[in-house]
A.B. asks: 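Got a structure for you, written out below as structure tokens; questions coming shortly.
Since the structure is predicted, the reported quantities are computational estimates derived from the model, not experimental observations. Sequence lines set the chain letters: A, B, ... in the order given, protein chains first and strands last, and positions in each chain run from 1.
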Amino acid sequence: MSSAAESIDHDPRWRDSAWRSRLRRRLLQWFETNSRTLPWRQSRDPYRVWISEIMLQQTQVATVIPYFERFTESFPTVAELAAASEQEVLRHWEGLGYYRRARQMHAAAQKIVEEHDGEFPEQFADVLALPGIGRYTAGAILSISRDHRLPVVEANTLRLYSRLIGLRSPPTIAASQRVLWEFAESILPQRGSGHLNQAAMELGSLVCTPRSPTCDTCPLAAGCVAREMGLQESIPGKVKKIQYEDRREVAVVVCDQQRFLVRQCQPGERWAGLWDFPRCEVAGDADAMLVAADHLRDAFGQSIQPPQPLMRIKHGVTKYRIMLEVLSAKLAGEAQPISDPGTRWLTRTQIGKLPLSTTGRKIFKKL
DNA sequence: AAGTCGGGGAC
DNA sequence: GTCCCAGACTT
């Protein structure tokens with residue numbers, strides 16, 4: 001078809017419809033006996049499929065399961081999600097990461113109530129127009145819940161399909177993407193696309209794994225180009241290695257009587273919408289205690305007594321490897337009025353109910 | 001096309 | 001330790 005597709009380094013045998021029919025039949029047959037029982041497969045309610053797809057973005061199945069159960073229990077319908085507060089939604093998302101997903105899903109629920117009468121939209125363009133939903137997620141939701149004939153390319157199918165067609169070009173470049181989406185669409189049946197999409201993802205997840213794929217047990221091994229060429233370990237090409245950056249931060253638990261100073265992370269900041277203890281970066285080998293005291297005076301106008309070490313937490317946020325020094329300190333004198341919006345003096349009970357960053361929650365548990 | 005956004009599972 | 005995960009969105 002397109003000359004761009006021709007210039008990409010892959011085997012064109014998949015353009016033969018008999019080849020694709022064979023693949024389809026073997027894949028579906030394998031799925032019959034190998035599909036996992038997952039909570040979001042209990043029903044085809046588009047709302048529940050939607051929640052599962054958002055939670056599963058860049059997040060493993062085992063991690064999502066308990067979150068999905070709690071979330072759907074608390075917010076059984078679009079209307080109930082839309083009516084909830086963002087804080088309530090974030091509280092259910094706490095620990096899952098990529099919190100923008102939760103904020104956007106909440107906003108999308110309100111949009112569905114306003115513009116679609118509370119019914120999850122049926123048109124691809126309308127679904128794609130919801131915040132937090134891109135081409136993959138829109139295709140997944142509509143194919144699974146409404147049996148629309150829409151392809152999906154995500155981590156599992158990208159790997160599976162790249163190997164099947166022997167795609168040696170980097171999968172990230174535009175021409176590779178075009179071939180992958182075209183292939184994904186070409187193997188869909190007239191009916192049951194959602195089933196086939198899930199089967200492909202399941203095979204990619206359980207058999208066609210990133211390292212040491214178990215080709216011996218793969219129903220598609222016979223027609224797999226990568227397998228034929230012995231390239232199953234090197235296709236798809238490696239993603240660019242992340243350059244981690246070491247970083248020191250300090251957090252302070254400031255106590256005044258029975259209350260603690262906490263702050264809601266603002267839009268544009270890391271963990272926007274979540275609450276955390278006052279925290280800042282510690283440059284170079286500076287003294288964390290001095291940095292902490294300065295930060296509290298400059299940012300919040302509070303004077304503290306000499307801080308004591310409480311705990312150390314090592315954690316990562318995207319490219320940063322953070323060594324967090326957690327200190328505790330009593331207030332020196334009276335609590336001062338706080339100009340910084342989003343910062344409050346709250347009791348232990350009040351803090352416990354807030355959506356906290358994961359490190360914030362770990363600190364809270366030590367109080 | 002590259003950077004940002006989290007946290008944990010698996011090896 | 002490293003790699004990876006049912007991506008979307010911004011720059």
A.B. asks: Quote, to the nearest angstrom, the P distance that separates dG6(B) from dT11(C).
C.D. replies: 16 Å
A.B. asks: Can you check the Q243(A) CD to dC3(C) C1' distance for me, whole Å?
C.D. replies: 15 Å
A.B. asks: Would you indicate what V239(A) reaches in the nucleic acid, counting non-hydrogen atoms under 4.0 angstrom: base, sugar-phosphate, or nothing?
C.D. replies: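 It contacts sugar-phosphate atoms only.
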A.B. asks: Measure from the ring center of F75(A) to the ring center of H92(A) and say whether it is less than 6.0 Å.
C.D. replies: yes
A.B. asks: Could you check A174(A) against T318(A) and say which one's nearest nucleotide on DNA chain B is further toward the 5' end?
C.D. replies: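 Looking at the nearest nucleotide for each, A174(A) comes out on the 5' side.
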A.B. asks: Using a 4.0 Å heavy-atom cut-off across all strands, classify R36(A) as base, sugar-phosphate, or nothing.
C.D. replies: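 Here R36(A) touches no strand at all.
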A.B. asks: Rounded to whole angstroms, how far apart are OH on Y98(A) and P on dA6(C)?
C.D. replies: 13 Å
A.B. asks: Can you measure R159(A) atom CZ to dG7(C) atom C1' for me and round it to whole angstrom units?
C.D. replies: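 Distance check: R159(A) CZ to dG7(C) C1' gives 15 Å.
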A.B. asks: Checking all strands, does A155(A) fall into the base, sugar-phosphate, or nothing category for heavy-atom contacts under 4.0 angstrom?
C.D. replies: sugar-phosphate
A.B. asks: Rounded to the Å, how far apart are I242(A) CD1 and dC4(C) P?
C.D. replies: 9 Å
A.B. asks: Take the protein atom NZ of K238(A) and the nucleotide atom C1' of dC4(C), then report the distance between them rounded to whole Å.
C.D. replies: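 Those two atoms, NZ and C1', are 11 Å apart.
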A.B. asks: Just the rounded figure in Å: distance from C1' of dA8(C) to CE of M55(A).
C.D. replies: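 To the nearest whole Å, that distance equals 17 Å.
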A.B. asks: May I ask you to say what W93(A) touches in the nucleic acid, namely base, sugar-phosphate or nothing, with a heavy-atom cut-off under 4.0 Å?
C.D. replies: nothing
A.B. asks: Below 4.0 angstrom, N of the basic side chain to O of the carboxylate: do R91(A) and E94(A) qualify?
C.D. replies: yes
A.B. asks: Quick one: label G95(A) by what it contacts on the DNA or RNA (base, sugar-phosphate, nothing), any heavy atom closer than 4.0 Å.
C.D. replies: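 Since only primed, P, OP1 and OP2 atoms lie under 4.0 Å of G95(A), the category is sugar-phosphate.
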A.B. asks: In this structure, is the centre-to-centre distance between the rings of Y320(A) and H315(A) below 6.0 Å?
C.D. replies: no
A.B. asks: Going through the distances and angles, do R270(A) and E249(A) end up as a salt bridge (Lys or Arg N to Asp or Glu O under 4.0 Å)?
C.D. replies: CA-CA 13 Å; R270(A) 184 170 76 191; E249(A) 295 185 7; 2.9 Å; yes
A.B. asks: Between P on dG7(C) and CG on L96(A), what's the gap in Å once rounded to a whole number?
C.D. replies: 13 Å
A.B. asks: So if I take every side-chain heavy atom of Q104(A) and compare against dC3(C), dA6(C), dA8(C), which nucleotide ends up nearest?
C.D. replies: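 Side chain of Q104(A) sits closest to dA8(C).
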A.B. asks: Under 4.0 Å, counting only non-hydrogen atoms across every strand here, what does T358(A) touch: a base, just sugar-phosphate, or nothing?
C.D. replies: sugar-phosphate
A.B. asks: Which nucleotide in the set dA6(C), dC9(C), dC5(C) lies at the smallest distance from any side-chain heavy atom of P210(A)?
C.D. replies: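 From the listed options, dC5(C) comes nearest.
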A.B. asks: Kindly give the heavy-atom pair with the smallest separation between R159(A) and T209(A), and that separation in Å.
C.D. replies: NE-C, 3.5 Å
A.B. asks: Would a distance-only check, ignoring hydrogens and angles, find a side-chain to backbone donor-acceptor pair under 3.5 Å from S205(A) to L203(A)?
C.D. replies: no
A.B. asks: Between L128(A) and L38(A), name the one whose nearest nucleotide on DNA chain C is closer to the 5' end.
C.D. replies: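 Nearer the 5' end of the strand: L38(A).
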A.B. asks: Check this one for me: any side-chain N or O of Q58(A) less than 4.0 Å away from OP1 or OP2 of dG7(C)?
C.D. replies: yes
A.B. asks: What range of DNA chain B does chain A touch, first nucleotide to last, counting atoms under 4.0 Å from its heavy atoms?
C.D. replies: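 On DNA chain B, the outermost contacted nucleotides are dA1(B) to dG9(B).
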A.B. asks: Between T72(A) and R48(A), which heavy-atom pair has the shortest distance, and what is it?
C.D. replies: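 Distance-wise, the nearest heavy atoms are CB-NH1, 3.7 Å.
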A.B. asks: If I pick the P atom on dT4(B) and the same atom on dA6(C), what distance separates them, to the nearest angstrom?
C.D. replies: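 So the two P atoms sit 24 Å from each other.
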A.B. asks: Using heavy-atom distances to pick each residue's nearest nucleotide on DNA chain C, tell me which of Q60(A) and Q57(A) is more 5'.
C.D. replies: Q60(A)
A.B. asks: For the side chain of T137(A), starting at C-beta, report the closest nucleotide among dA6(C), dC3(C), dA8(C).
C.D. replies: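 The answer is dA8(C).
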A.B. asks: Between E182(A) and R15(A), does any side-chain N to carboxylate O distance fall below 4.0 Å?
C.D. replies: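 Yes.
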A.B. asks: Expressed as a whole number of angstroms, how long is the span from I141(A):CD1 to dA6(C):C1'?
C.D. replies: 11 Å
